[in-house]
Novice: 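Starting off with a structure, shown below.
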Amino acid sequence: MIYIEKSEEPAWLSEFKKHNPTATYDSESFLRHRGRLREELVSEQHCLCAYCCRHISNDQTHNEHIEPRHPKKGVSLRSLDYSNIVASCNNKNTCGNRKKNEYDSEAFVSPLRPECEDVFTYYPDGAVEGNPYTIDLLNLNEYELKEARKAVYRTIKDLDKETIELIYCQEEEELPAYYNVIKWFLKN
């Protein structure tokens with residue numbers, strides 16, 4: 001997981017909410033705007049899933065609500081809150097699809113918190129340790145994720161810091177998949 005620094009809410013979304021004050025994410029009036037929102041989120045996240053950091057594109061992701069829009073207890077008032085929505089990969093066994101409507105705000109590590117990067121440790125075998133609730137909820141130690149992180153680790157382990165930064169850490173529209181492993185490796 002890497003920290004996602006949210007931009008200001010897009011002007012078009014603010015306008016929509018101004019003209020549709022009772023609308024929710026599930027409102028028929030918002031349905032046609034979901035794709036536009038997804039494009040904003042994918043761009044803001046440099047084409048990385050908010051949780052696992054695999055590469056995503058507009059057609060390989062969904063709009064994920066950190067605080068679920070259909071929580072088990074009560075009703076969410078944040079379904080159109082831009083600061084509550086991220087782009088998550090469409091892997092059915094991990095991330096947002098795995099999380100569904102489960103959420104404990106006290107236990108969950110959000111990618112919207114600047115300190116989220118310091119919670120997790122990435123190992124050469126691809127495993128991640130840190131907050132057990134978040135790791136289990138998102139299934140971040142799923143086999144494919146571990147194998148992908150292991151491959152990134154093998155690629156960078158013998159490179160010096162300057163070379164890694166030159167190859168992987170340029171400010172680009174798209175960051176490399178599993179950039180969380182690269183950032184952690186450089187910090188440690």
Side-chain angles (χ1 to χ4, degrees), residues 1-114 116-117 119-120 131 133-140 142 144-145 148 172-180:
M1 188 177 294
I2 61 172
Y3 170 57
I4 298 169
E5 189 170 351
K6 296 294 282 180
S7 311
E8 282 189 39
E9 181 175 86
W12 66 264
L13 181 55
S14 298
E15 273 302 302
F16 174 84
K17 292 188 325 188
K18 179 179 167 186
H19 295 292
N20 302 277
T22 60
T24 66
Y25 185 83
D26 297 314
S27 297
E28 194 170 315
S29 60
F30 190 72
L31 290 178
R32 69 175 194 266
H33 298 290
R34 288 181 177 186
R36 188 174 184 185
L37 176 59
R38 186 171 29 260
E39 289 174 12
E40 299 271 355
L41 298 170
V42 168
S43 176
E44 179 176 71
Q45 293 169 210
H46 304 281
C47 300
L48 297 180
C49 172
Y51 300 132
C52 71
C53 291
R54 73 171 33 108
H55 183 268
I56 57 173
S57 63
N58 294 328
D59 60 344
Q60 299 171 320
T61 187
H62 67 275
N63 301 333
E64 164 71 5
H65 292 74
I66 302 281
E67 177 185 299
R69 66 184 198 268
H70 303 294
K72 289 187 172 190
K73 296 178 183 176
V75 176
S76 174
L77 301 175
R78 302 187 65 202
S79 75
L80 284 179
D81 181 350
Y82 187 71
S83 66
N84 183 50
I85 307 171
V86 295
S88 177
C89 65
N90 278 338
N91 185 307
K92 67 180 181 177
N93 299 316
T94 65
C95 303
N97 285 330
R98 170 71 184 258
K99 178 177 161 271
K100 297 182 182 173
N101 291 323
E102 296 293 324
Y103 178 72
D104 178 341
S105 62
E106 299 296 317
F108 186 73
V109 176
S110 169
L112 304 179
R113 291 186 188 159
C116 72
E117 294 180 11
V119 173
F120 301 102
N131 178 287
Y133 175 81
T134 303
I135 291 169
D136 291 343
L137 182 63
L138 302 175
N139 197 19
L140 295 178
E142 183 251 358
E144 287 179 23
L145 287 177
E172 301 287 331
E173 287 183 22
E174 289 187 28
L175 289 171
Y178 307 102
Y179 187 63
N180 50 338

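Just so we're clear, the structure is a prediction, and the values are computed from it rather than from any experiment.
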Novice: Report yes if some heavy atom in the side chain of Glu9 is under 4.5 Å from a heavy atom in the side chain of Ser83; otherwise report no.
Specialist: no

Novice: What residues form a side-chain hydrogen bond (donor to acceptor under 3.5 Å, both in side chains) with Asn139, not counting sequence neighbours?
Specialist: none

Novice: Excluding sequence neighbours, so at least two apart, what forms side-chain contact (heavy atoms from CB on, under 4.5 Å) with Glu40?
Specialist: Pro10, Trp12, Tyr82

Novice: Would you say that Ile2 contacts Pro111 through its side chain, given a criterion of any heavy-atom pair below 4.5 Å between the two side chains?
Specialist: no

Novice: Kindly compute the distance separating SG (Cys47) from CZ (Arg54), expressed to the nearest 0.5 Å.
Specialist: 14.5 Å

Novice: Which distance, rounded to the nearest 0.5 Å, do you find between the CG of Leu145 and the CG of Leu138?
Specialist: 10.0 Å

Novice: His55: which residues meet the ring-ring contact (aromatic ring centres under 6.0 Å, His included) condition with it, sequence neighbours left out?
Specialist: none

Novice: How many angstroms lie between CD1 in Ile85 and CG in Leu37, if you round to the nearest 0.5 Å?
Specialist: 5.0 Å

Novice: Does Tyr25 use its side chain to pair, donor to acceptor, with the backbone of His65 at less than 3.5 Å?
Specialist: no

Novice: Are the side chains of Ser105 and Tyr103 in touch, meaning some heavy atoms are under 4.5 Å apart?
Specialist: yes

Novice: Report the C-alpha separation of Asp26 and Arg69 in whole Å, then their side-chain angles, then the decisive distance to 0.1 Å, and conclude whether the side-chain contact (heavy atoms from CB on, under 4.5 Å) test is met.
Specialist: CA-CA 9 Å; Asp26 297 314; Arg69 66 184 198 268; 2.9 Å; yes

Novice: May I ask you to say whether Glu142 pairs ionically with Arg98, meaning some side-chain N is under 4.0 Å from a carboxylate O?
Specialist: no

Novice: Within the side chain of Glu117, is there an N or O that forms a donor-acceptor pair under 3.5 Å with the backbone of Tyr3?
Specialist: yes

Novice: Look up atom CG in Asn63 and atom CZ in Arg36, then write down how far apart they are to the nearest 0.5 Å.
Specialist: 13.5 Å

Novice: Looking at every non-hydrogen atom in both residues, tell me the closest pair between Cys52 and Asn180 and how far apart they are.
Specialist: O-ND2, 3.8 Å

Novice: Identify the two heavy atoms, one from Ala50 and one from Gln45, that lie closest to each other, and give their separation to 0.1 Å.
Specialist: N-NE2, 3.4 Å

Novice: Would you indicate whether the side-chain heavy atoms of Phe30 and Asn20 approach each other to under 4.5 Å?
Specialist: no

Novice: Between Ser88 and Gly96, what is the shortest heavy-atom contact and its length?
Specialist: OG-N, 3.0 Å

Novice: How close do Asp59 and Ser57 get, counting heavy atoms only, and between which atoms?
Specialist: OD1-OG, 2.6 Å

Novice: Quick check with a 6.0 Å cut-off and a 45 degree axis cone: is Lys99 positioned over the face of Phe108's six-membered ring?
Specialist: yes

Novice: Please give me the minimum heavy-atom distance between Val109 and Cys116, naming the atom from each residue.
Specialist: CG1-CB, 3.7 Å

Novice: About how many Å separate NZ of Lys17 and OG1 of Thr22, when rounded to the nearest 0.5 Å?
Specialist: 13.0 Å

Novice: Can you name the closest pair of heavy atoms from Ala107 and Asn131 and give their distance?
Specialist: O-ND2, 3.0 Å

Novice: Would you compute the distance between atom OG of Ser79 and atom CG of Asn84 and round it to the nearest 0.5 angstrom?
Specialist: 8.5 Å

Novice: When you compare the side chain of Glu144 with that of Asn91, does any pair of heavy atoms fall below 4.5 Å?
Specialist: yes

Novice: Would you mind reporting whether His62 and Asn97 have side-chain heavy atoms less than 4.5 Å apart?
Specialist: yes

Novice: Below 4.5 Å, heavy atoms only, C-beta onward: do Met1 and Thr134 meet side chain to side chain?
Specialist: yes

